[in-house]
K.L.:
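Sharing a structure, written as C-alpha cells. Questions coming.
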There are 2 protein chains.
Amino acid sequence: MTQLDEARNSLWRLFLTVHTRLVEQVEQDLKQAGLPPFEWYDVLVALKQAPGRRLRLSELAEVLLVNRTNITRLADRLEKAGLIRREACVDDRRGAFAVLTKAGSAMQQKMWKVYSQSIAQYFGRYLTEADVAVFTRALSAMLAAVDNLESANDE
Amino acid sequence: MTQLDEARNSLWRLFLTVHTRLVEQVEQDLKQAGLPPFEWYDVLVALKQAPGRRLRLSELAEVLLVNRTNITRLADRLEKAGLIRREACVDDRRGAFAVLTKAGSAMQQKMWKVYSQSIAQYFGRYLTEADVAVFTRALSAMLAAVDNLESANDE
DNA sequence: CTGATATAATTACATTTGCAACTACTAGAG
DNA sequence: CTCTAGTAGTTGCAAATGTAATTATATCAG
C-alpha cells in the first residue's frame, strides 16, 4: 500500500467522523430551537421546489435517498404534524401525493433560518472558494459513479 | 446571500448525499461478502491498535462517537459473535474492558480486504493527491472547531 | 379480454437507536 | 469516617429503521 493510499484511507475515516459530528451539531441546534430534525427539512424543501408543491411518495423517496417503507412513515410523521398532507393520485390510483401545507411552508422557512446558520458555522466557514470547487468536483464524481453503478446493477 | 454561500449550501447537500450513498455501497459490499457492518470494523481496529488490544468501554465510546448506551449494546453484539470479550477492570470496579479475541483479529483482517477495496473504489479513486490535501485540511479544521465547541460547552 | 408480472404504498416483525432511570462504584468536602 | 456528588456501565421504554410480506392497481403479452 502506498502512502497516498494511506492518506486516502485516513481521509475516509475523517470524512465519516466529520459527517457524524457535524450532523450531531446541526441536529442539536435545531432541537435547541425547538424545531424538527433536519430530515424533515429535506422533505419540506423538496416539496416546495416541486411543481404544485407536491410529489409522489415514490419521487420523494428517490430524492431523499430513503426507502419506500421509511418514506411512508416519515410522511406519517409530517402529516401528523400538519406540515404536509396526502392527496390521492388520479392518474394512478395506487399512488399518493405528499403536498406541502401552509404550515409546512412556514416551518421550512423557520428551519432554514437556523439550519443555514449551522451549515455556515460548522461547514461553509472552513471552505475557501477554491476548496468549494475541489470538493464539488470530487464529490460529484463519486456520486455519478455510484449512481451509475446502481443503474448498471438494474440491468 | 452571496453566490458563494449558495455554492456552499449546495455542497453541504452534496456532502450529505455522497455520504449516504457511499456508506450504502460499502455496507452492501460487506454484506455481500457475508461480513458484519462496518461499524464492527471500527471497533475491531480500535481495539487492535490499543495497548493490550483492549479499551475501556467508555474509551471505545469516545473513539467511535457512539454514546454509552449504544456502546454497551454494540459490545454485546460483538461479544455474542465471539469477536471481543469483556474483562473486569481492577483499578475501577465499575468499569469493563473490551478485549479483542483471536477471532476478532481475524475478522478485522478479513473485513479490511473487502472494506479497503470499497473505499478505494468509491472514494479514493476520485481524489488526486492535491484533492486529498485540500479535503484533509478543510475537514480537519471543521472537526477541530466542533470538538472545541463541545469542550467549551462543558465548562 | 385475461392472466402473468410489475409497481405504489402500506403493514408486520425483528433489530437498532436515543433518552431517562437505575445500579454499582469512586472521589472529594467536611 | 460519612455524606454528597459524580462516573461507568447497564436496562426499560418509546421511537426509528430495514427486510419481507401484503394490498391494490397498472401494464403488457398473447
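Numbered from 1 within each chain, the chains take letters A, B, ... in sequence-line order. Everything numeric in this text was worked out from a predicted model, so none of it was measured.
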K.L.:
Please check the phosphate of dT10(C) (OP1 and OP2 only) for any side-chain N or O of R86(A) closer than 4.0 Å.
P.N.:
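For R86(A), the contact criterion (side-chain N or O under 4.0 Å from OP1 or OP2 of dT10(C)) is met.
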K.L.:
So does R54(A) pair up with E87(A), basic N to acidic O under 4.0 Å?
P.N.:
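Looking at E87(A) together with R54(A), the answer is yes, because their closest N to O distance falls below 4.0 Å.
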K.L.:
Does R94(B) contact dT7(D) through a side-chain donor or acceptor facing the base, at a distance under 3.5 Å?
P.N.:
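For R94(B), whose side chain was compared with the base of dT7(D), there is a donor-acceptor pair (under 3.5 Å).
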K.L.:
Picking from dA9(C), dT10(C), dA16(D), which would you name as closest to the side chain of R56(A)?
P.N.:
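My answer, after comparing the listed nucleotides, is dA9(C).
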K.L.:
Would you please say whether a donor-acceptor pair under 3.5 Å links the side chains of D29(A) and Y115(A)?
P.N.:
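Side chains of D29(A) and Y115(A): no pair found under 3.5 Å.
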K.L.:
So does T69(A) reach the base of dA9(C) with its side chain, donor to acceptor, closer than 3.5 Å?
P.N.:
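Result: no qualifying N/O pair found.
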K.L.:
Closest-nucleotide mapping onto DNA chain D: is D91(A) or V66(A) further toward the 5' terminus? I mean the 5' end.
P.N.:
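Going by which nucleotide is closer to the 5' end, it is V66(A).
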K.L.:
Who pairs with R93(B) by side-chain contact (heavy atoms from CB on, under 4.5 Å), at least two apart in sequence or on another chain?
P.N.:
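With neighbours one apart ignored, the set is empty.
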K.L.:
In terms of the nearest nucleotide of DNA chain C, which residue is placed more toward the 5' end: R73(B) or D92(B)?
P.N.:
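First, find each residue's nearest nucleotide; the 5'-ward one identifies R73(B).
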K.L.:
Ignoring backbone atoms, establish whether K31(A) has a side-chain N or O less than 4.0 Å from OP1 or OP2 of dG18(C).
P.N.:
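No, no such contact exists.
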K.L.:
Check whether any side-chain nitrogen or oxygen of K80(B) sits under 4.0 Å from OP1 or OP2 of dT15(C), and answer yes or no.
P.N.:
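Looking at the OP1 and OP2 atoms of dT15(C), neither is under 4.0 Å from any side-chain N or O of K80(B).
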K.L.:
Sort out for me which residue in R53(A), M107(A), Q49(A), Q109(A) forms a side chain to side chain contact (heavy atoms under 4.5 Å, CB included) with L44(A).
P.N.:
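So the option named by the test is M107(A).
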K.L.:
Can you find an N or O donor on one side and an acceptor on the other, under 3.5 Å apart, linking the side chain of R93(B) with the base of dG9(D)?
P.N.:
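Under the 3.5 Å cut-off, the side chain and the base do not form any donor-acceptor pair.
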